[in-house]
Structure formats: structure tokens, C-alpha cells
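One structure is given below, encoded as C-alpha cells.
Residue numbering restarts at 1 for every chain, and letters A, B, ... go by the order of the sequence lines.
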There are 2 protein chains.
Amino acid sequence: MGATLQTIADALGVSRSTVSNAYSRPDQLSPELRSRILDTARRLGYAGPNPNARSLRSGKVGAIGVLLTANLSLAFSDPCTVAFLRGLAAAAERRETSLLLIPLPKDPEAAQRVVRGAVVDAFCVYFVPDWCGVLEVISSRGLPVVGGEDPELIGPDQFHVGIDERAAAREVGTHIANLGHRRVAILGHWLVGNRTSGIIQVDAPEDLPYFVTRERILGYREALAAADVPWSDVLLVNVAGSHRAEGELAAGFALDRGDRATAIIATSDVLALGAIQALAARGLRAGRDVSVTGFDDIPEAAAVGLTTIRQSSEDRGRLAGEVLLDPPTDPDRRCRVLPTTLVVRATTGPAPGL
Amino acid sequence: MGATLQTIADALGVSRSTVSNAYSRPDQLSPELRSRILDTARRLGYAGPNPNARSLRSGKVGAIGVLLTANLSLAFSDPCTVAFLRGLAAAAERRETSLLLIPLPKDPEAAQRVVRGAVVDAFCVYFVPDWCGVLEVISSRGLPVVGGEDPELIGPDQFHVGIDERAAAREVGTHIANLGHRRVAILGHWLVGNRTSGIIQVDAPEDLPYFVTRERILGYREALAAADVPWSDVLLVNVAGSHRAEGELAAGFALDRGDRATAIIATSDVLALGAIQALAARGLRAGRDVSVTGFDDIPEAAAVGLTTIRQSSEDRGRLAGEVLLDPPTDPDRRCRVLPTTLVVRATTGPAPGL
DNA sequence: TTGAAAGCGGTACCAT
DNA sequence: ATGGTACCGCTTTCAA
């Protein structure tokens with residue numbers, strides 16, 4: 001406590017450099033002197049070089065910053081995010097690197113401040129709205145970034161690891177259209193920034209703020225349009241969260257009206273599971289009365305027979321970590337697109353009356 | 001990139017202090033000058049004060065270090081750990097604080113090095129073996145710690161947030177003994193340090209390396225002893241992990257032998273769920289043929305009717321964060337013991353033949 | 001092998 | 001309101 005390199009140096013009558021070397025470059029001094037130094041340090045209660053000072057000097061911290069929208073606690077509720085972090089963590093620990101989980105304030109200015117001030121060597125952005133400007137801050141700090149969101153990340157220190165969100169969503173849309181559904185509702189998590197769930201009208205989905213949900217919506221729209229289901233006929237429900245209960249609530253908007261939807265497309269499995277609950281509560285059966293699809297293929301999806309898109313969030317996290325920890329020199333490998341599969345199970349079936 | 005405070009100062013012919021103030025203390029200079037500074041900074045691609053340098057000088061980082069044993073990725077697999085982190089995160093984000101998730105190497109020396117080098121303001125230790133010496137490193141760094149493990153943490157900067165592990169375990173043991181069970185097996189996660197599951201003999205549980213499992217084992221032993229079940233009759237199985245599959249495997253050791261156990265006590269719900277699977281695979285029913293107990297009361301426990309100890313890992317995490325973020329002045333509040341309850345459900349019943 | 005000195009990029013106190 | 005000037009604690013040439 002309170003002891004510094006100098007303290008030890010003085011106590012032994014050696015120079016600071018030597019003490020520093022005793023910790024950071026053992027080969028630069030005699031083993032004997034080194035052990036004398038280490039002993040004295042222990043005796044004086046010196047904990048070793050101050051990490052702050054060391055990283056200021058060396059420019060390395062040993063941590064990668066993970067940018068997560070809004071509440072961190074939510075990150076730990078969502079199975080997909082947890083899987084992603086698990087993969088990322090696996091990659092990080094192999095290099096004795098830590099993960100700095102950074103809660104991003106809602107206010108863009110505050111968000112930027114936080115990103116500017118994070119003590120890290122690199123960033124991983126996960127589910128961050130386009131407008132908050134954190135990518136700009138990162139690049140102005142000159143730090144590497146990997147994102148699953150913006151495939152336009154292509155600078156020398158910028159990487160992309162993700163899936164083809166739009167193509168995957170298109171598969172879902174096509175599947176639903178092929179089954180003859182014409183009254184379709186889409187439950188989208190955080191389609192818009194506000195905090196309340198409800199029906200919204202989005203004439204231009206290309207302007208939605210979150211890359212992931214935006215792309216998925218665009219994919220659904222493309223597929224439905226190809227099957228002559230006009231976008232204006234599609235009911236869009238914004239879901240202000242990623243919990244099952246919110247999915248259940250949101251599904252209610254699609255179910256409790258005269259022209260009940262015959263198909264509910266959810267942008268995540270968690271929401272879809274909620275929708276299935278909503279059906280059950282109304283005496284309806286998923287796959288017969290109303291078709292339901294999800295996205296992600298979390299473990300529970302298989303258990304309830306949910307039709308969904310399979311992706312491996314864990315792989316995605318792992319790859320993101322690896323890309324950051326030893327950056328590929330080959331520019332082609334700076335952008336990785338992982339595979340997805342449409343998994344058709346029991347919750348989708350022909351539109352009733354066909 | 002490459003621009004510093006000085007760069008901006010020179011460009012405007014003002015002093016570094018002023019530029020610094022423009023960022024850190026807006027009230028110390030005229031709004032006009034401030035905006036001129038900020039503009040120039042933007043123009044010159046200056047990202048704002050270097051976080052490393054700032055934290056070296058100010059002594060604050062805005063992050064709390066979370067020490068997790070072995071693989072971080074495991075932390076994200078275990079529902080209990082995830083819940084704990086969720087609570088911790090909730091407390092942290094309220095103060096614009098980040099969480100540095102630190103994977104602790106197996107090797108004690110490496111572990112200490114990592115802890116010594118972590119750029120944080122405080123630590124939270126979660127499931128760390130006694131012998132690795134990280135607590136000592138933390139205290140020599142003079143940083144606050146909160147742990148759920150060692151209630152002996154009582155220094156002015158040391159806090160404890162946990163449950164009475166032993167008393168809770170004692171309740172389980174008493175419950176099992178009261179049901180008449182005499183052939184008892186205990187599945188314990190990480191009872192010993194090695195990486196393989198199997199039957200072990202532990203004559204002195206008080207020497208087990210992990211606080212949490214040690215206390216629980218001691219609690220079980222006390223309760224069983226009080227009911228005249230000698231410790232030497234109890235089958236102890238070490239489980240090298242915290243996955244359901246490992247619980248299933250471990251339960252096999254207790255089931256596939258002549259004097260099959262009539263009760264399986266697991267130190268966590270996840271293991272208990274695995275044990276129930278092991279029973280099913282052998283055509284046995286939990287609660288009738290063999291009683292099973294868990295610990296934690298994770299959501300799935302209720303679903304399968306598991307008898308267990310209820311605790312709130314999320315509360316624990318939240319409280320740990322709060323204690324670190326604004327330390328109680330009252331010494332009594334430096335040690336918080338959260339409540340637990342024995343929840344008796346369907347997986348425990350009278351010993352067969354009674 | 002060891003030591004001296006110059007930063008790394010800021011912040012904070014004290015003048016002005 | 002702005003500037004001057006010590007540091008913060010360590011690493012890193014370079015010289016001895």
C-alpha cells in the first residue's frame with residue numbers, strides 16, 4: 001500500500017529500472033538480485049507494478065471492451081447474448097485477456113463518453129443502435145473493432161463477424177408464404193427506440209435503427225412481397241425487450257383482433273416462445289391455428305418444436321474474439337459470414353382454410 | 001489518432017490545463033473557448049483524454065473486476081453464475097461502471113499475476129479456491145473486495161455478501177435423514193481440484209479447497225451425523241464441472257453398485273437435474289426409488305419438482321455491487337447474510353422399505 | 001548487468 | 001477565466 005517501484009529501489013539502493021526489470025524482464029538482471037528485489041517488495045507490501053501506469057506506458061491493457069445496449073443485466077437474461085459472450089470469453093481466456101462489459105447509456109452523448117473512456121485494447125460491439133455514434137469514437141481512438149452488425153466495417157482495424165441476417169429472414173418469409181399465409185404479423189425486438197410495446201407502422205424499414213432487426217425485417221418483407229403479400233397488409237409489433245413475457249404480450253396485439261393473423265414471425269426465439277404461450281392462453285395451437293417462427297434456435301426451441309433459423313451465437317462470439325486477438329492479415333478474412341439454416345419443426349403449418 | 005492534449009493546446013495557443021478543463025470541468029472556462037477547443041479537437045481527430053493517462057492520474061478507472069475460477073465460458077453456462085452477474089451488472093450500470101470479467105488461470109502464480117495487473121477499482125470474487133492467494137494480492141493492492149466466500153473478510157475495505165452455506169446444507173441433510181435415508185451419496189462440484197469426476201474419500205471435509213462446497217459438505221455431514229449416519233457410510237462423488245451431463249455421470253457412481261444409495265444430495269441444482277436423468281435412464285423414479293436434492297432453486301428446479309435450497313443469486317450479485325459502489329460506513333453492514341429456504345418438492349420421499 | 005533520464009498523456013493545485 | 005508546473009508510476013532507450 002503506497003509503495004512504488006521507487007520505494008523498493010531506495011530500500012535496496014538500486015535504480016527503478018532494475019526493479020522494473022525484476023518484474024517485466026527477468027532475464028535482464030542477475031537471478032540473485034532479482035530475488036532480493038522480490039523479497040524486499042514482499043516485505044514492504046509492494047504489490048507489483050501499478051497496472052495503470054504500466055498500461056499508460058506500454059499502451060496495452062489486456063482487455064477487450066464489449067459494448068452492449070442498455071442494461072447489462074438484460075445481456076445476462078437473453079440466452080443468445082449469453083452464448084455469444086461464452087464464445088467470446090473462451091477466445092479471450094486463451095490469451096489471458098479480460099472482458100470489459102460496458103453498459104451503454106441510452107443517451108448518445110453519454111454513450112460516446114463511456115466508449116471514449118473505456119480502458120481497453122479493442123472493442124466488440126454487439127447490439128448497438130446505428131445512431132449512437134460509438135463506432136466513430138472507436139475509430140477515432142484508433143482501436144480495433146469487431147462487430148456483427150455493420151458489414152461496412154472494413155478499415156484495417158475493423159472486422160466483421162456475423163450472419164447474413166437478411167437472407168436468413170428471407171428463408172423464413174418464404175417458408176411462411178409457401179404455406180399460404182396472407183395475414184402475417186411480425187414481432188420485432190427493439191424495432192424502434194422507445195420503451196413500449198405495440199403495433200407500429202413502418203413504411204420504410206430500411207430506416208430502422210438497429211442493424212440486426214432492420215435486416216431481418218427487410219428479409220421478411222422481401223420474401224412476402226415476392227409472394228404478393230403487400231407490406232401494408234403486414235402487422236408490425238414493436239417489442240420493447242427480449243423476454244418471453246414481452247413476446248406473449250406482443251403476440252396479443254396480433255391475436256386479439258378481428259382479422260387475426262394466421263402466422264406470427266418473431267425476430268427471436270424468446271419472443272416466439274412467448275407468442276406460443278399467448279396462443280395457448282387463448283386455446284389456440286401453434287402450427288395448426290396459427291403458425292409461429294423464431295430466430296436463433298436456442299435449446300428451448302427444439303424442445304417445443306419451434307420452426308426457426310439456426311445460428312451459433314457461441315461460434316460467433318468465439319470467432320469475434322479470435323479475429324480481435326490475432327487479426328488476420330488477409331483482408332478477405334476480415335469479414336466472416338457464418339452459416340444459418342432454416343429448421344422447420346412443428347409450429348408452422350398450412351394456413352387454416354387451405 | 002496520435003493527437004494529444006498538447007496538440008490541441010498548441011493549435012489554439014492555449015495551455016494544456018485549459019484543454020483538459022474543456023473536457024473534465026466545463027465550468028472552469030468560458031463556453032466560447034470551450035466550444036472552440038472541442039471543435040479543433042474534432043477537426044484534428046482528437047478522441048478526448050486518454051483513459052489510461054486519466055486513470056493513472058485520478059486513480060479511478062470505473063470498472064470492477066470480477067474474479068471467476070477457470071473458464072469464463074463456464075460462467076456463462078451456469079444459470080446461477082449468470083444470475084449473479086445479472087445482479088452485479090444491474091448495480092454497476094446504475095453507476096456507469098463496467099464489469100471486467102477476469103478468467104483466473106489454474107496456476108496460482110499466474111492467477112496472482114493476473115489479479116495484480118487488472119485495471120480496476122475494486123474486486124468481486126465469486127468461486128475461487130482458497131489456496132490461490134488472490135485475496136492477499138488484492139489487499140496488498142489496497143483495493144476493496146467483496147466476496148461471498150470468506151466471511152472473514154472484515155478489513156475496512158473488505159466486504160462479505162453471501163448466505164449461510166452450512167446452515168442451508170444442514171437443513172437439506174436433516175430433511176433427508178428425517179425421511180429415513182441411511183445410504184446417502186453426495187455429488188459435489190469441484191470438491192477437489194482435479195479434472196476428473198469420481199468417488200473420492202474425504203476424511204476431513206474442512207480441508208476442501210473451495211469455500212462454498214466445503215461449507216455445504218460440512219453442513220450435510222453435521223446433519224447426517226446428528227441422525228447417526230456415520231460420515232464413513234456416505235458416498236462422496238467429486239464432479240469436475242457444473243453441467244447436467246456431469247451430474248448424470250456422477251450419479252451413475254452412486255447408482256450402479258450393490259448398495260445403491262437411496263438418497264442423492266447434490267451441491268447444485270444443475271447436478272441434481274443430471275442425477276434425475278441418470279435415474280430415469282435406469283428406470284428409477286426420483287422421490288420414490290431414490291430421493292434427490294439440489295441447491296440454488298434455479299427456474300428449472302421448480303419445473304421438475306426438485307427439492308432444493310432457495311437462494312437468490314441475483315440479489316446476491318446486486319448487493320455485492322452496491323456494497324462495492326457505495327461502501328457502508330457502519331461496520332455491521334460490511335457483512336451481509338442473505339436468507340435461504342428449504343423448498344420441499346417431489347423428488348424427495350421416505351426411504352424405500354420404510 | 002546496472003543506472004540515468006526522458007517521456008507516456010493527463011490532472012490538479014496554485015498563481016495570475 | 002486561464003496558464004504554469006509539479007507530479008501519477010512505470011517503461012525504455014542509451015550509456016556506463
Whole-Å gap separating P (D/dC10) and CG (A/N52): 10 Å
Flag, side chain of A/Q112 to backbone of A/C132, donor-acceptor distance under 3.5 Å: yes
Residues touching DNA chain D, which here means a heavy atom under 4.0 Å, drawn from residues 109-122 of chain B: none
Candidate nucleotides D/dT2, D/dA6, D/dT11, ranked by approach to the side chain of B/R57 - the nearest: D/dA6
Short side-chain to backbone donor-acceptor contact, B/R336 and B/F159, under 3.5 Å: no
Nearest-angstrom distance from the residue atom CD of B/Q6 to P of D/dG3: 12 Å
Non-hydrogen atoms of A/R54 and A/S24 that approach each other most closely: NH1-OG, 3.6 Å
Over all atoms of both residues, closest heavy-atom pair of B/V119 and A/V119: CG1-CG1, 3.9 Å
Interatomic distance where CD1 belongs to A/I8 and P belongs to C/dT2 [whole Å]: 17 Å
Nearest heavy-atom neighbours spanning A/L56 and B/N52: CA-CB, 4.0 Å
A/T18 versus A/S15, side-chain donor and acceptor atoms under 3.5 Å: yes
Among D/dT11, C/dT11, C/dG9, the one nearest A/R54 by side-chain distance: D/dT11
Salt bridge present between B/E322 and B/R318 (N-O < 4.0 angstrom): yes
Protein-nucleotide distance (A/L5, atom CG; D/dC8, atom P), rounded to Å: 13 Å
Flag side-chain contact, heavy atom, 4.5 Å: A/T7 against A/L44: yes
Residue B/R25, side-chain atoms from C-beta onward, closest of C/dT11, C/dA12, D/dT2: C/dA12
Terminal axes of the helix from C/dT1-D/dA16 to C/dT16-D/dA1 (five pairs each): angle between them, nearest 10 degrees: 30°
Under-4.0 Å side-chain N/O to phosphate OP1/OP2 contact, B/Y46 with C/dG10: yes
Length of the CG-P vector between A/L56 and C/dG10, whole Å: 9 Å
Any A/S58 side-chain N or O less than 4.0 Å from OP1/OP2 of D/dT11: no
Heavy-atom pair of closest approach, residues B/R116 and A/P51: O-CG, 3.1 Å
Gap between atoms CD and C1', on B/E32 and D/dT2 respectively (whole Å): 13 Å
5' priority, DNA chain D, between B/A53 and B/N21 [closest heavy atom]: B/N21
Within residues 10-19 of chain A, residues whose heavy atoms come under 4.0 Å of DNA chain D: A/R16, A/S17
side-chain contact (heavy atoms from CB on, under 4.5 Å) partner of A/F123, chosen from A/I102, A/L100, A/V134, A/V66: A/I102
Whole-Å gap separating P (D/dT12) and NZ (A/K60): 13 Å
Touch class at under 4.0 angstrom, heavy-atom based, for B/S24 against every strand present: sugar-phosphate
Whole-Å gap separating P (D/dG3) and CD1 (B/I37): 8 Å
Sugar-phosphate, base or nothing in reach of A/Q28, heavy atoms under 4.0 Å: base
Salt-bridge criterion met for A/R36 and A/D39 (N-O under 4.0 Å): no
Polar side-chain atom of A/D121 near backbone of A/V61 as donor-acceptor pair, under 3.5 Å: yes
